[in-house]
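Quantities reported herein were computed from a predicted structural model and do not represent experimental measurements.
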Amino acid sequence: MSYYGNANPDLLELAPFARRVLEVGCGEGDFAAAYRSRNPQCHYVGVEIHAPAAAMAAGRLDQVLVGDVETMDDEAITGGEPFDLILMGDVLEHLRDTDAALAKMARLLAPDGCFALCIPNIAHWSSLFHLMHGRWPTEDAGLFDRTHLRFFTLESIGAALKKGGFNLIKQRPRKVLLDKQKAEAWLPRLGDLAEQMGIDRRSFLDRSATLQHVLIARPAANPAPERTPMQIVTAAMAPRVMDVRTRLPAQQLRTFPEVNVRYQEKSVEIVPVPDGTAMIMVLQRPAVPDQDAWKRIALQALRAGWLIVTEYDDHPELVGRVLDWAPERNRWLQIAAAHAVQTTTEPLAAAFREHNPEVMVFPNSAFVLPPLRARPAAPEPKRVFYGALNRGTFSVALARALEPAIAAHPATIFEVVHDRAFFDALPTNRKNFRPTLDYDAYLEAIGACDIALLPLADDEFNLFKSDLKYVESAARGAVVIASPAVYRDSVRDERTGLIAERLEDWAPALVRLLEDDALRGRLSRAAWEDVRDNRMFAAQAGARIAWYRRLWEDRVQLHARLLARCPWLAEAIAAPGT
């Protein structure tokens, strides 16, 4: 990685989604590429003083301005329209006049915009270590970069931001262990010294272990209404293969400056929050066979004033059938006994509203959209992906129905995940099976293939499933052949994929895609663009937060309705010791 090529992962994780983005010091465009993979619809402008780096960045940004941001005309940078987000990763310390630079950023930013920056922490233990030895190193990069003109602590950068017209909203310490052996040897001794000086040991060690500070600020002269701080706790009770409904939304909702998100797995842990904070508890797929089970999960949160949202993306009766639940088990309790429910499709929402009227649909989406990679043309063998759970006998029938396509193209390689019955029934030896993959590896497996098979039997419960596999395949450039059930509304036949109406249509469709590189390329491009334009999480994240805020504002009424639906819950909340 060159000096001008890097993407700070902590800054990337906190950088808000925005329509117009300016990156000061865009280097070779690595950060821009990473940010745009999450938010591809934004207009991204960079300023870079180093012309060779700017030339490399030009193909990754919408516009690159070459020059010194401190002397550039404001109008030349904005083009007459302010930015919604300004990014400055490890740049401020290189500028000659901090006060003037920050005032300039405030002028370039929309009143409701965000300023996201990362600065090195001069209070890091290594600075003290070198000073105690009577030296100050100069290096080509890092904390002791020879081109640094300014040095900051968290306190001093906070004061500088305030003077420049900003309010600091969020900050994250970036703790990167540069020299573990030396740190383990010296940090405890430095902590002892801090205690002898009357400095709180824990605070000193935390400050000294921080290499950089990632900061999010807003203009102080903000005419927008004050935003209530929000704490979201996502409790993933069934996290396996559910990243798109649990871990990934939690991760990307952290990009909202006034929102803090805590992600937990298989537990419900109540976290302390400051007064005046909106408290949203998202319970994903809680397994609650009866009222006592729900009380054990939710009672503490309800008593503490949290608003509970159930996240559920399947039909409870189908879940019960797959898991062989007893007939007397209460399958709708987790829907009725929450303040609100979020799900993936309108058919599910309609079913849930019979038990709880407060339901919101957030369709499954892509969180990262890699560039659409060029696929090798024939004669290299093509790869076909199939990965699914609980497809029953239909997957076996499909595997056998592919025999004509396999006979016509015997070199084709099949990559199968999860479904052993489908794998065993495939009439070819050119196949690979993996029982399970973590989500990133699963997406990589799709991306390594040219074609993806998306079968669903047309039965009453499958119609409640979502089209997630289309989104995943399209985002990774694999052309889909899909059943009409569920996928007809999202896969446009002959435009973003192929629809196989009957079982006997699958083999001819596969043959077409294996033989026609131009068709495969056209469908792949159109589907990728469909995800870019319509199915990115960045486009729905604001609606999620707005819904949570609306729920919080209506919490008194929602709580009253909850207790009216579940009077046994009102008794439990009031009862001591339960």
Decide whether a cation-pi geometry holds between [X] and [Y]; the criteria are a distance under 6.0 Å from NZ or CZ to the six-membered ring centre and an angle within 45° of the ring axis.
| X | Y | result |
| --- | --- | --- |
| Arg544 | Phe362 | yes |
| Arg549 | Trp552 | no |
| Arg247 | Tyr263 | no |

Any side-chain donor paired with an acceptor under 3.5 Å for [X] and [Y]?
| X | Y | answer |
| --- | --- | --- |
| Gln231 | Asn260 | no |
| Ser395 | Asp419 | yes |
| Glu472 | Tyr442 | yes |
| Asn356 | Arg561 | no |

**Asked** Yes or no on side-chain contact (heavy atoms from CB on, under 4.5 Å) for Val244 and Val471, after CA distance, side-chain angles and deciding distance?
**Response** CA-CA 11 Å; Val244 296; Val471 175; over 6 Å; no
**Item:** Heavy-atom neighbours of Arg495 CZ exceed 12 at 6.0 Å
**Value:**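 Incorrect, the count does not exceed 12.
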**Request:** Would you check, one step at a time, whether the test side-chain contact (heavy atoms from CB on, under 4.5 Å) holds for Tyr386 with Glu415?
**Result:** CA-CA 6 Å; Tyr386 171 86; Glu415 301 290 345; over 6 Å; no
**Message:** Whether Arg172 and Asp10 form a salt bridge (side-chain N of Lys/Arg under 4.0 Å from carboxylate O of Asp/Glu) is what I want to check.
**Reply:**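 Counted as a salt bridge, because a side-chain N and a carboxylate O are separated by less than 4.0 Å.
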**Item:** SB check Glu358 Arg550 (cutoff 4.0 Å)
**Value:**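 Yes, charged N to carboxylate O under 4.0 Å.
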**Request:** Determine whether Tyr548 and Gln342 make a side-chain contact, defined as any pair of heavy atoms from C-beta on separated by less than 4.5 Å.
**Result:**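 Side chain of Tyr548 against side chain of Gln342, heavy atoms only: contact under 4.5 Å found.
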